[in-house]
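Remember, it's 1-based here, ligands and their atoms both numbered in the order they're listed. Residue numbers count from 1 along this sequence.
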Amino acid sequence: MHPQSQQDYVSISFAGQGCYNNNKKWRRQSWWRKWKQLSRLQRSLILFISVLLFICGIASYPTVTEQLRGLTDGGPDTGSNSVLKPIIPHVLPQGQPPLPEQPSQNRLQKKGNTSDVTVEDKVADVKKEGEERVVISWRGAVIDTDQATESTKDGESKEHLPTHQETTFSKESEASWLEEVREAFRHAWKGYKDFAWGHDELRPMSKSYSEWFGLGLTLIDALDTMWIMELKEEFKEAKAWVAAELTFNKNVDVNLFESTIRILGGLLSTYHLTGDTLFLDKAKDIGFRLMPAFKTPSKIPYSDVNIGKGTAHPPRWTSDSTVAEVTSIQLEFRELSRLTQEPQYEAVVTDVMKQIHKLEGKLDGLVPMFINTNNGQFTHQGIYTLGARADSYYEYLLKQWIQGGKKENQLLEDYLQAIEGVKKNLLQKSSPNGLTFVGEVSHGQFSPKMDHLVCFLPGTLALGAHNGLPADHMDLAKELMETCYQMYVQMETGLSPEIVHFNMYQGSTRDIDVKLADRHNLLRPETVESLFYLYRFTKDHKYRNWGWEILQNFNKYTKVSSGGYTSINNVRDPDYPSPRDKMESFFLGETLKYLYLLFSDNSNLISLDKYVFNTEAHPLPIWLSTV
Ligand code: DMJ
């Protein structure tokens, strides 16, 4: 054997094993002989597998370094136990305005005052660290989500979960909290105004915009928020745009559900709050233009409507519609009928509810995610979730019943049965800390997966209990509220990922896992929405503290200095949350509105006995009440 080739072989296969002895040398030669005896195919296969393993090793590198960083960032008393260190609960001193450093101590906050650190600073920092870091932050998009998970930052034990201590608030601190939300809204609005005016969504990083329907979606979604926050100047300029520029006579396809909850809902609620018929006229216009969606063989509406041509169609790949979409347009269409005295709007959406009430294929009141527009039957049966594609079906059962003055018993029955179905089939406790969560069922198999979208449920349950439904709904609401909060506080940025998986096995060291592809945060409202309901009904200040923490973390990790807030790709990395360059309209329409209402102690500001919020946070009047 050529000595050079022997040397090559040794350095590749046994590097790092220390000094050699004769025996080892013999073994190496024998290995080499065996290698030479292999066929070309066998050698290629071995080489291929080695390269694959090498790539996997490199790919897991950031997870390892993140864990190491977790150990070293944990403070002076870090050690082998430091990774299990509890999160310090946020307790405000009595009557003091909130301090930015007080909320749950995620890693970046521990580094000092970071309130001035913007998303762009983080991008710049990371770019300085080299391209590899940037590439790694995108791994989540490509790794098989069923395989790859990350643990939460701390494997806390039960007594280490954040706890609440009684706190009282002065009028001054309430005012400063409200002002902070108003300031966040102004900042978001500035970005929209400067770079996306009249367009659907702001892209704050690139200082541009994106179009979805081309109807000024963010502006319309934000109208009633500005009114509620008393942002008079901003409201005035938005109203001027609606009066002068907003037209629905456009050759565009819009999604029936999204345009109903954001545009029709936003215009109707702004009409109610202001009494200005400009908004009612626009609402009538869009409502009428959406009606072709219901011209289907089954009367179950198509997903898309061309509001200029008056035609409707399902998506290109299917004749199915989503169950949540066809059952979460009722509040708006019913209200449109009441205002216009034209029964057609209410008739079409009530027919959908009646059909769904009678359908086979439910699991103890839980509905599948799809329904066919030709035959009106559920499709893709066997999957039951309170997350995407089914969520607001449950919300609108209760809210229609409330909107109509609590008379429509079929809606109430379906709601009560569904909540029993949730308890029986979807509710479980995590290990080790026993967090109550709502999982999913797929063809008889339970999956401990919970979307952030499910965090609407504590608020809805609390609303039901407030309206006379069983008291144990409120108990469950409180338990789930804690879980939704933990989905934030256990992340390094203090912001929830889009989806979490709970551990259920005895002996687990942590309750929550996050798959790499699920680490994004879209500035969604569901948790702060539920915090608002829970605070209104219980007056327990811990819910406001939690909301305050969330607002601080939106400011730290999603605020863009030139204006606007951005959704992010990675709630696990406070150093590089990886901005997605998009501000969803619901951040202004819902998230900031619910935060504002949470911090206001005025229960008459959109009283829950007079208004019911649609699923996009647009308040509509409860019928028969004197608004
Ligand atoms: C909003 O459009 C609505 O809240 C909807 O019900 C769910 N998705 C977004 C917010 O997450």
Side-chain angles (χ1 to χ4, degrees), residues 188 200-202 210 212-213 215-225 254-269 303 321-333 349 367 369 385-400 403 438 450-461 463 484 487-488 495-500 518 520-533 550 554 558 565-568 571 580 582-595 597-598 612-620:
D200 282 344
E201 289 143 343
L202 170 67
S210 54
W212 191 5
F213 310 142
L215 297 173
L217 204 57
T218 296
L219 189 150
I220 300 173
D221 224 357
L223 282 168
D224 56 4
T225 305
V254 303
N255 174 283
L256 170 69
F257 163 73
E258 298 291 357
S259 52
T260 298
I261 65 169
R262 300 185 198 213
I263 299 175
L264 179 57
L267 291 167
L268 286 173
S269 79
S303 58
S321 285
T322 301
V323 170
E325 292 195 357
V326 302
T327 56
S328 312
I329 49 181
Q330 278 65 15
L331 291 177
E332 300 81 355
F333 276 80
V349 294
V367 289
M369 299 190 294
T385 172
L386 258 77
R389 300 182 194 285
D391 48 359
S392 41
Y393 162 73
Y394 305 100
E395 179 187 348
Y396 268 37
L397 286 175
L398 178 74
K399 288 183 172 176
Q400 286 177 80
Q403 178 191 42
V438 181
M450 180 165 151
D451 295 354
H452 181 271
L453 288 169
V454 180
C455 290
F456 81 92
L457 188 59
T460 297
L461 287 167
L463 181 64
C484 290
M487 285 162 62
Y488 281 71
L495 293 174
S496 171
E498 179 74 356
I499 300 169
V500 299
D518 301 335
H520 49 293
N521 179 296
L522 304 184
L523 312 172
R524 284 196 191 277
E526 290 76 18
T527 295
V528 294
E529 168 185 353
S530 285
L531 288 173
F532 156 65
Y533 284 104
I550 292 170
F554 277 133
T558 71
Y565 289 75
T566 178
S567 45
I568 54 174
V571 297
R580 287 166 85 105
K582 184 154 169 181
M583 182 173 76
E584 302 278 350
S585 77
F586 52 67
F587 184 62
L588 287 80
E590 296 193 71
T591 310
L592 293 178
K593 183 188 289 151
Y594 281 128
L595 280 166
L597 292 170
L598 167 66
V612 62
F613 285 88
N614 86 341
T615 194
E616 189 75 6
H618 298 303
L620 298 172

List the atom of [X], the atom of [Y], and the distance in Å for their closest heavy-atom pair.
X: Asp200; Y: Leu215; answer: OD1-N, 3.0 Å
X: Ile261; Y: Tyr396; answer: CG2-OH, 4.3 Å
X: Gln330; Y: Val326; answer: NE2-O, 3.1 Å

Query raised in the report: Between the side chains of Glu395 and Thr615, is a donor N or O closer than 3.5 angstrom to an acceptor N or O?
Result: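 Distance-only check passes for Glu395 and Thr615.
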
Query raised in the report: Parallel, tilted or perpendicular: which describes the rings of Phe613 and Tyr533, with under 30° parallel and over 60° perpendicular?
Result: perpendicular

Report task. Using the six-membered ring wherever Trp is involved, compare the ring planes of Phe554 and Phe587 and label them parallel, tilted or perpendicular (cut-offs 30° and 60°). Result ->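 Perpendicular: the ring planes of Phe554 and Phe587 meet at over 60°.
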
What short N/O contacts, under 3.5 Å, does ligand 1 make with the protein, listed by atom pair and distance?
from     : atom 1 : to     : atom 2 : distance (Å)
ligand 1 : 2 (O)  : Arg262 : NH2    : 3.4
ligand 1 : 2 (O)  : Glu616 : OE1    : 2.6
ligand 1 : 4 (O)  : Glu590 : OE1    : 3.3
ligand 1 : 4 (O)  : Glu590 : OE2    : 2.8
ligand 1 : 4 (O)  : Thr615 : O      : 2.7
ligand 1 : 6 (O)  : Thr615 : OG1    : 2.7
ligand 1 : 11 (O) : Arg524 : NH1    : 2.7
ligand 1 : 11 (O) : Glu526 : OE2    : 2.6

